[in-house]
2 protein chains.
Amino acid sequence: MTHERGAEAYLQIGDAAERTELTQRTLRYYEEKGLLKPPTRMDGGFRLYSAEDIERIGRIKQLKDLLGFSLADIKEMLEAEDVRSQIKAEWDKDADAAEKAERIRAARQMTLKQIALIDQKMRQMAEMRALLAERLAKHDALLLQWTGEPTSPVSEPVGAAS
Amino acid sequence: MTHERGAEAYLQIGDAAERTELTQRTLRYYEEKGLLKPPTRMDGGFRLYSAEDIERIGRIKQLKDLLGFSLADIKEMLEAEDVRSQIKAEWDKDADAAEKAERIRAARQMTLKQIALIDQKMRQMAEMRALLAERLAKHDALLLQWTGEPTSPVSEPVGAAS
DNA sequence: ACGAACGTTAACGCAAACGTCATGGTTTTC
DNA sequence: GAAAACCATGACGTTTGCGTTAACGTTCGT
């Protein structure tokens with residue numbers, strides 16, 4: 001069952017695990033490692049994950065599976081990113097502008113690095129895709145030669161970054 | 001020093017490691033795990049890696065770092081791929097056509113799977129890149145607002161697959 | 001109000017992918 | 001021909017990222 005708390009809907013760990021396609025163990029592990037802030041709890045101690053929490057978990061999966069970062073790296077990144085929400089939260093009190101700017105700059109750098117990495121990987125993938133398409137053509141040629149076979153066409157490759 | 005053996009140039013393990021940006025340990029490990037065929041040796045037992053060997057190592061790195069496969073998976077893939085070179089080698093003797101066709105079909109399937117995975121990952125990356133670009137814009141907006149700063153433009157995203 | 005389903009912490013286990021010696025042979029260089 | 005640089009094998013160690021089990025508390029459906 002999905003829970004409610006004020007206006008928001010919360011998931012307990014089983015549903016959250018299902019939603020994110022991770023295990024409960026993994027969620028607890030991420031929390032233990034500091035990648036997830038301790039979620040709110042029910043009176044009995046059951047964890048309740050907010051929509052934000054779920055999003056963050058998705059973000060972790062992306063960084064891990066898609067870009068191949070270690071959990072330690074991801075932790076650093078998320079901490080750097082949190083600067084935005086943190087600053088918004090304490091925006092008026094303690095208006096130490098210089099330090100805030102510095103932290104935003106750091107977050108910006110993180111983002112730039114991630115974008116650069118994505119671009120690099122996408123280029124390499126495009127390259128690799130081209131090679132695989134060639135190889136596929138060779139296989140198809142052989143199959144046609146030996147067994148007069150119908151071979152499905154290769155879908156178009158994707159454009160690469162400059 | 002680079003070695004020669006007939007017409008080809010061979011690298012011993014130190015140079016090979018440097019070239020591929022792996023460690024000697026890793027190369028021996030890959031060999032031990034059956035991902036690399038035992039390379040030729042010098043009289044004293046030193047390993048000599050051919051250009052083909054180096055290429056194969058690069059292939060392994062790609063599959064690991066770019067697509068995130070485990071070494072076990074990679075081993076299977078490489079074995080399936082080897083079908084082509086194997087068939088070429090023994091092409092006329094033992095002309096068991098049916099079996100050969102089947103093995104080529106298997107290799108073809110491997111290739112198709114890899115292409116599909118690449119396309120999927122590229123789509124996800126494009127999506128993620130877009131989000132990062134948005135985030136970057138927000139950072140830039142904040143920096144401009146607080147410190148009247150010059151911010152470099154974001155290079156264009158790459159095209160996604162259909 | 002009671003059993004089924006779900007959750008909690010703590011602790012140990014484990015496979016993958018190497019790192020790091022130790023010990024001893026080989027090749028190159030001067 | 002001897003030191004310096006390089007390599008081989010073997011064995012044990014390490015880190016990461018969870019899996020699994022145990023022992024026990026909570027929530028829910030009826």
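Atom set for the values below is all heavy atoms of this structure, side chains included, hydrogens, waters and symmetry mates excluded. To find a chain, count down the sequence lines: A is the first, B the second, and so on, and within it residues start at 1.
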Nucleotide D/dG17, atom P - distance to CG of A/Leu27 in whole Å:
15 Å
Out of C/dG7, D/dG19, D/dT27, which nucleotide sits closest to the side chain of A/Thr23?
D/dG19
If only side-chain N and O atoms of B/Arg47 are considered, is one of them under 4.0 Å from the OP1 or OP2 phosphate oxygen of D/dT9?
yes
Could you state the atom-to-atom distance from CD of A/Glu31 to P of D/dG17 in whole Å?
17 Å
State whether the side chain of A/Thr26 and the backbone N or O of A/Leu22 hold a donor-acceptor pair below 3.5 Å, judged by distance alone.
no
Using OP1 and OP2 only, check whether a side-chain N or O of A/Lys64 sits under 4.0 Å from D/dC18.
yes
How many whole angstroms separate atom CG of B/Leu11 from atom P of D/dC6?
14 Å
Nearest to the side chain of A/Leu71, heavy atoms from C-beta on, is which of D/dC28, D/dC18, C/dC18?
D/dC18
Shortest side-chain distance from A/Arg28, nucleotide among C/dC18, D/dA8, C/dT8:
C/dT8
Provide, to the nearest angstrom, the distance between the CD atom belonging to B/Glu21 and the P atom belonging to C/dC18.
14 Å
Report the residue (A/Tyr30 or A/Phe46) whose heavy-atom-nearest nucleotide on DNA chain D is the more 5′ of the two.
A/Tyr30
Reckon A/Thr26 has a side-chain N or O less than 4.0 Å from the OP1 or OP2 of D/dG19?
yes
Given B/Asp82, which of B/Arg59, B/Arg56, B/Lys37 fulfils the salt bridge (Lys or Arg N to Asp or Glu O under 4.0 Å) condition?
B/Arg56
Given DNA chain C, 5'-ward residue of the pair B/Gly44 and A/Gly14, judged by closest heavy atom:
A/Gly14
Expressed in angstrom and rounded to an integer, what is the separation of B/Glu32 atom CD from C/dA16 atom C1'?
13 Å
When the distance from CD1 of A/Ile13 to P of D/dT26 is rounded to whole Å, what number comes out?
17 Å
Check for a donor-acceptor pair, side chain of A/Lys121 on one end and backbone N or O of B/Asp65 on the other, with a separation under 3.5 Å.
yes
Donor + acceptor pair across side chains of B/Gln24, B/Arg28 (<3.5 Å):
yes
The answer to which of B/Lys33 and B/Arg25 contacts DNA chain C further toward the 5' end, by nearest nucleotide, is B/Lys33
Is any side-chain N or O of B/Gln24 closer than 4.0 Å to OP1 or OP2 of D/dC7?
yes
Can you see which heavy atom on B/Ile74 is nearest to which on B/Ile60, and at what distance?
CD1-O, 3.8 Å
Rounded off to whole Å, could you give me the CE-to-C1' distance for the B/Met42 and C/dG25 pair?
12 Å
To the nearest angstrom, how far is A/Tyr29 atom OH from C/dC14 atom C1'?
13 Å
